[in-house]
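One structure below.
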Amino acid sequence: MSDSTGERRRVALVTGANKGIGREVARQLAVAGFTVIATARDAERGGAAVRELVAEGAGDLRFLRLDVTDQETVAEAARFVETNFAGLDVLVNNAGITGITRGQRKELDELTVDDLRAPLETNFVGVFAVTQAMLPMLRKASGRVVNLTSTLATFGRVVKEGPQRADLLPYLTAKAAANMASVVYAAALREAGVTVHAVSPGYIATDMNNFAGTKSVEEGARVVVGVATTGELPERALLVESGTLPW
Ligand code: NAP
């Protein structure tokens, strides 16, 4: 697939692209000229978001159902990329959950293993599952993986200030595990020309924080898309809008 200059269009896949930062990342990547595989776990919500973006003239976006906790849909997405494209230039592992139901607060003693499972499955195992499945296509394109993380989940911050609230434990530990996966992948894939970065978008007003975030999805997505498209970036660092932060 080529653009009007005859060059191969770059291909990006975004998880959790039906709303929030992921939807806006998909839009901005499409505007930048990528063919974007915008994925979501719910076909109706995801399909509607992509139809809206295409109708707005954002560019070349395709919807694909992908639940990062459902290995069958992960494998199906990998087959889709392999069948339709020469490689995958950008993978944005955006899908994430806190595991906290809106407006509800739990004390530390109320947390159970079940509270831990869903955030770990989505934020950590899901990142691993999708990245592993896409590796052959990422290698073909010398692609880039961008993993969404949070400054709240850095050891530096939690050691110094403690967690904002105890019931963030599942989210913070899942993101911290994913951070380590980002660093391990980055080191292990360097020779293959595949780069892996973890980026925190800032405190963004989305469903995740009941729209308490202080910045817009446009601003958050700009940070993510910057990391997805900038040539040389600091390696094995936590990337934020202003540069890097210690883990
Ligand atoms: P959001 O509006 O709640 O969006 C989360 C997205 O992830 C939704 O599209 C959701 O789909 C999707 N998702 C959840 N579980 C999934 C699964 N199993 N498979 C596929 N998709 C799944 O939250 P957001 O703020 O945009 O968050 C996006 C990412 O940024 C997350 O990784 C989050 O941790 C990170 N982040 C956000 C902030 C912030 O201030 N907002 C700060 C730091 C990091 P459904 O609609 O189907 O639930």
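The model shown is predicted, which means the values in this text are computed figures rather than measured ones. We use all heavy atoms of the structure for the numbers below, so side chains are in, but hydrogens, waters and symmetry mates are not. Both counts, for ligands and for their atoms, begin at 1 and track the order of listing.
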- So, are E82 and R79 salt-bridged, with charged N and O less than 4.0 Å apart? no
- Task: Could you tell me which atoms of ligand 1, counted from 1 in the order shown, lie closer than 4.0 angstrom to a heavy atom of N209?
- Result: 39 (C), 40 (O), 41 (N)
- Would you call R190 and E235 a salt bridge, taking side-chain N to carboxylate O under 4.0 Å as the test? yes
- Charged N-O contact under 4.0 Å between E241 and K215: yes
- Message: Given K19, E24, R45, identify the one with the heavy atom nearest to atom 47 (O) of ligand 1.
- Response: R45
- Which atoms of ligand 1 sit under 4.0 Å from any heavy atom of I97? 14 (C), 15 (N)
- Item | Nearest-option assignment for atom 38 (C) of ligand 1, heavy atoms, candidates G213, G220, A221, G202 | G202
- Message: So that I can tick it off, tell me whether R222 and E219 are bridged by a salt bridge, with the cut-off set at under 4.0 angstrom between side-chain N and carboxylate O.
- Response: no
- Query: Would you call K106-D115 a salt bridge at under 4.0 Å N-O?
  - Reply: yes
- Query: Relative to atom 43 (C) of ligand 1, which among I204, T149, T151 owns the nearest non-hydrogen atom?
  - Reply: T149
- Message: Salt bridge check, R105 against D167: does any charged N sit closer than 4.0 Å to a carboxylate O?
- Response: no
- Message: Please compare N18, V240, V199, T122 and report which has the shortest non-hydrogen distance to atom 9 (O) of ligand 1.
- Response: N18
- Is there a heavy atom of L66 sitting under 4.0 angstrom from any atom of ligand 1? yes
- Query: With the threshold set at 4.0 Å, does a side-chain nitrogen-carboxylate oxygen contact exist between D42 and R65?
  - Reply: no
- Message: Using heavy-atom distances only, which candidate in A205, G96, A40, P201 approaches atom 5 (C) of ligand 1 most closely?
- Response: G96
- Report the member of Y203, F211, Y171 with the shortest heavy-atom distance to atom 36 (N) of ligand 1. Y171
